Amino acid sequence: MAQLITNINNTVKYLREGNVVAIPTETVYGLGANIYNEEALLNIFRFKGRPSSNPLIVHTYDIEQALNLYDLTFNPNLEKIIRILGNQFWPGPLTIISKAKSNISKTITAGTGNIAVRIPNNKKSLEILKKLKDIPIAAPSANKSGHISPVDSLHVLSEFKDDNIYVFHSGHIRFFEDKVGIESTVIQIDDNEKNINICRQGGITFDDLDFFVKEKINDYKVIIAPCASSPGQSIKHYAIKDKETIMVDSYKELSLEDLEIKNSALIDFGSLAKVFDGKILYRNLSKRQNIDEAMMNLYDYLREIEGFSNISKVYIIKDSKNYDQKWNGLYDRIFRACSGQYITKN
Ligand code: TXA
Ligand code: MG
C-alpha cells in the first residue's frame, strides 16, 4: 500500500534504509531510491513496470556530489564543461548524461556505461538530498511506465496505491515557488563529436543552451538528436488509459459530427477551439497562450480526463504557430500522449 508522509526526517530515513519514496521536484514527482541500495533500485523498476534497459536519472544536492558520479578521467575538459553547465543551469530542469564512474550500479546505467544527473530546483527535495548527505537518489518520473507523469503527490498515491512505497506529500507542483510541470531537458555530452546533444526537450530550450555554450564552451556545438540509449523516449508515452487521444491542427479540422459530443473531450490552447466550450468536456491549457501555464496544466488535464469513464476520445489542439521555444518541449509531450496520431484535412 502506498502511504503519504509529511515528515522530512522520516523521508530521509526511509530512503536511507532502502525504501522507495516519491519526492517532489520542480518538473514532475520522482520515484526515489538510494543509489547504493540494489534492492530499492530494482523495486523502482518493478513498481513502475519499467524495462531494465531504461536507465535512471540520479539527483544530487550540489555540483561536487554530481561530479563524483561521472568518470572524468578520460577527458580533462569534461569536469570543466559539467561545472560550467551546472553553475548556469543547476539547480534546475537540466539533466546531464556523460560517462559513469565504474562503481555506479548497472541497474542505474542500464549497462550503457553512462549516467544521467541533475540537481532539482525544489526546496523540499534539496533539503531531503542534503540530509541524505552521501547518498544521491535515483528517481525516474513517478508514474507507471508509459503513463501520464505526476504533478501532484496525490497522483503518485493513486498511481502506486497497491505498491509498497511512501509518498512525500507536498501537493501540486503548481503551488511550488519554482515550477515547470514537464520533465527536464536531457543533454548528452558527446566527447568525440564535441556535441552537446539535446535528447529530450524541456523547460531549458535549445536557445538557452546554444546561446550559453557558444559563449562559454565554444568548441562544442548544441544539437538536437535522439539519444540511442534513452529508451524512455518512445513514441507512445504519457498515454491516457483506455481512450484514443488525437492531435488536431485547428478546430476547423473538426466538425461537430466528428466529435461525438457525449464521448469526447477537447483540450484547447488559447481560444482556438472556443466554439466547443460548453458543448463538450472542454479544457484550456492556457487561455492566454502562455506556455509555462500550459506546461503546468497538461498532465493534470490528461489525468483528470482519464477519470471520466464516458469519454472515449480526447482531442488536443496542436497549433502550428511558432511559439516560444518552450513550445517544443510541450509539443513533444502532446505528440507522445497522442502516440503521434494526428488529424488534418489538408
Ligand atoms: O524532470 C525529470 O527529469 C524527472 C524528475 C523526477 O527529475 N525525471 C524523469 O525521469 O523524467 P524519467 O526516467 O521518467 O526520464 C528520464 C529519461 C528517460 O528517457 C531515460 O531513458 C533517459 O532519461 N536516461 C536516463 N539515464 C540515461 C542514460 N544514462 N543514458 C541515456 N538516457 C538516459
Ligand atoms: Mg518518465
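Quick caveat, the model's predicted, so the values are computed rather than measured. Whatever order the structure lists them in is the order used to number ligands and atoms, beginning at 1.
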inquiry  = Below 2.8 Å, can you find an N, O or S atom of Ser149 next to the Mg ion (ligand 2)?
reply    = no

request  = Would you confirm whether the ring centroid of Phe276 sits within less than 6.0 angstrom of the ring centroid of Tyr315?
outcome  = no

request  = Report, in ascending order of atom number, the atoms of ligand 1 lying under 4.0 Å from any heavy atom of His59.
outcome  = 5 (C), 6 (C), 7 (O)

query = If you measure from atom 8 (N) of ligand 1 to every heavy atom of Ser184, Ala139, Cys227, which option wins on shortest distance?
reply = Ala139

task = Can you label the angle between the His172 ring and the Phe175 ring as parallel, tilted or perpendicular, going by 30° and 60°?
result = perpendicular

request  = Answer with yes or no whether the side chains of Arg118 and Thr25 bring together a donor and an acceptor at under 3.5 Å.
outcome  = yes

Spacing of CD1 belonging to Ile8 relative to NZ belonging to Lys123, to within rounding of 0.5 Å = 11.5 Å

ask   = Between atom CG of Asp208 and atom NZ of Lys326, what is the distance when rounded to the nearest 0.5 Å?
value = 7.5 Å

ask   = Counting from 1, what ligand 1 atoms have a heavy atom of Ala116 closer than 4.0 Å?
value = 25 (C), 26 (N), 27 (C), 29 (N)

inquiry  = Under a 3.5 Å cutoff, is there a donor and acceptor pairing between the side chains of Ser153 and His169?
reply    = yes

task = Check the pair Asp207 / Gln325 against side chain to side chain donor-acceptor pair (under 3.5 Å), numbers first and verdict last.
result = CA-CA 8 Å; Asp207 277 355; Gln325 274 200 358; 3.1 Å; yes

message = Measuring from non-hydrogen atoms of Thr109 to any atom of ligand 1, is the shortest distance under 4.0 Å?
response = no

inquiry  = So if I count the atoms of ligand 1 from 1 in the order they appear, which ones are less than 4.0 Å from some heavy atom of Pro140?
reply    = 10 (O), 12 (P), 13 (O)

ask   = Distance-only, no hydrogens or angles: does the Glu183 side chain make a donor-acceptor pair with backbone N or O of Val28 under 3.5 Å?
value = no

ask   = Hey, which atoms in ligand 1 end up nearer than 4.0 Å to a heavy atom of Gly30?
value = 6 (C)

query = Is Arg50 touching ligand 1 with its side chain, its backbone, both, or neither, if touching means heavy atoms under 4.0 Å apart?
reply = side chain

Numbered atoms and elements of ligand 1 in range of Arg200, under 4.0 angstrom, heavy atoms = 2 (C), 3 (O), 9 (C), 11 (O), 15 (O), 16 (C), 17 (C)

request  = Output the list of atoms in ligand 1 that are nearer than 4.0 Å to some heavy atom of Asn114, sorted by atom number.
outcome  = 29 (N)

key: Any Gln188 heavy atom less than 4.0 Å to ligand 1   = no

ask   = Does NZ or CZ of Lys99 fall inside the cone over Phe74's six-membered ring, less than 6.0 Å from its centre and within 45° of the axis?
value = yes

task = Give the atoms of ligand 1, by number and element, whose distance to some non-hydrogen atom of Ile57 is under 4.0 Å.
result = 3 (O), 8 (N), 9 (C), 10 (O), 16 (C)

task = Taking only heavy atoms of Thr27 into account, list the atoms of ligand 1 that are under 4.0 Å away from them.
result = 1 (O), 2 (C), 4 (C), 5 (C)

